[in-house]
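Numbers here are sequence positions counted from 1. The structure presented is a predicted model; accordingly, all values stated were derived computationally and were not measured. Numbering of ligands and ligand atoms starts at 1, following listing order.
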Amino acid sequence: MYPLKYEGDIYRPPSEAKSLILQATVGCSHNRCTFCGMYKRKKYRVRDFGELEKEIIMVSRMMPKTARIFLADGNALSIPFEQLSKILSALQDAFPQLERVSLYGNPQDLLEKSVEQLRELKKLKLGIIYLGIESGSAAVLKDINKGVTPQQIVEGASGAKEAGVPLSITVINGLAGAEGSEEHAKETAILLNKIDPEYLGLLSLMTVPGTTTHRRFKEGLLTPLNPWELLKEIRMMVEGLSLTSCVFRANHASNYLPIKAVLSQDKDRLLAELDQVITKKAPGSLKSEYLRGL
Ligand code: SF4
């Protein structure tokens, strides 16, 4: 492995498993979502450029053929445009075979960058933004303290679309409990149709002790969905989707039924498969580790 010292735990999307990970920020600039405990122990800051540049040069000597780089932490897209441009330029200079740089972003970060700036970042090989929207429902977004409205999410995402930077959007299955499941699914489909992302990733809610969401479930203010209800929620969302060419994945460790589909061509097949699993309640089709206690 490369000799990098990371501050605290590092998270990355499953699809970045083979990428070199550089920590450009520490923590998350928002850090207030009620379900998220990932960066609670970190105080957000953008890392000093000089310090990061030294790391880039050192790693490039050891791994000169690196083609893909993921910039951690929580939302490296929060880095102001000038500094992010400097980081991307330094990466291009250091790694001659660099194909793509990716990072996590919040909808707020997109709203803070102009289309022109996003175009510049794309020229510097920003190749994909992993955008956590979690839900398309105004009520759910408010409840989880996401800090943005559906309308703001659409505005931010449309800037990336206009600049030609692909978006990989994350939604959380089961986030609103049984009480808000239908609204969460239907409103998320409506929002996704407005954004029309290139990629869509679905995670299942895993409540984290110490978070407000965990407490709400524990106190009975929200009712957790069982695996079949989670699948019904996915079905409701998929049914409402009408996307141009979106790769849909629900193959994270948290998901009960691994799904991979291109929605424009596989939607009917996916709905039929979901129906089959839901109506038969066929445990063999779900990951065994999640079936204990059913
Ligand atoms: S979900 Fe994303 S934006 Fe919200 S606190 Fe966690 S890392 Fe930050």
Can an N, O or S atom be found in Cys36 less than 2.8 Å away from atom 6 (Fe) of ligand 1? yes

Measure Tyr39 to ligand 1 on non-hydrogen atoms and call it side chain, backbone, both or neither using the 4.0 Å cut-off. side chain

Just to be sure I read this right, does ligand 1 sit under 4.0 Å from the backbone of Lys146, its side chain, both, or neither, counting only heavy atoms? side chain

Could you find the nearest protein heavy atom to atom 4 (Fe) of ligand 1 and give me its residue, atom name and distance? Cys33 SG, 2.3 Å

For atom 1 (S) of ligand 1, find the nearest protein heavy atom and state the residue, atom name and distance (0.1 Å precision). Phe35 CZ, 3.6 Å

Element-labelled atoms of ligand 1 that are located less than 4.0 Å from some non-hydrogen atom of [X]:
X      : result
Arg32  : 5 (S)
Asn106 : 3 (S)
Asn31  : 5 (S), 8 (Fe)

[X] with [Y]: basic N within carboxylate O range, under 4.0 Å:
X      : Y      : value
Arg235 : Glu239 : yes
Lys232 : Glu182 : no
Arg47  : Glu53  : no

[X] vs [Y] side-chain heavy atoms within contact, under 4.5 Å:
X      : Y      : result
Ile10  : Gln23  : yes
Leu191 : Val154 : yes
Leu241 : Asn193 : yes

Is it true that Tyr104 and Phe70 have ring centroids separated by less than 6.0 Å? yes

Any non-hydrogen atom of Cys28 lying under 4.0 Å from ligand 1? yes

Can you tell me if Tyr104 has a non-hydrogen atom under 4.0 Å from ligand 1? no

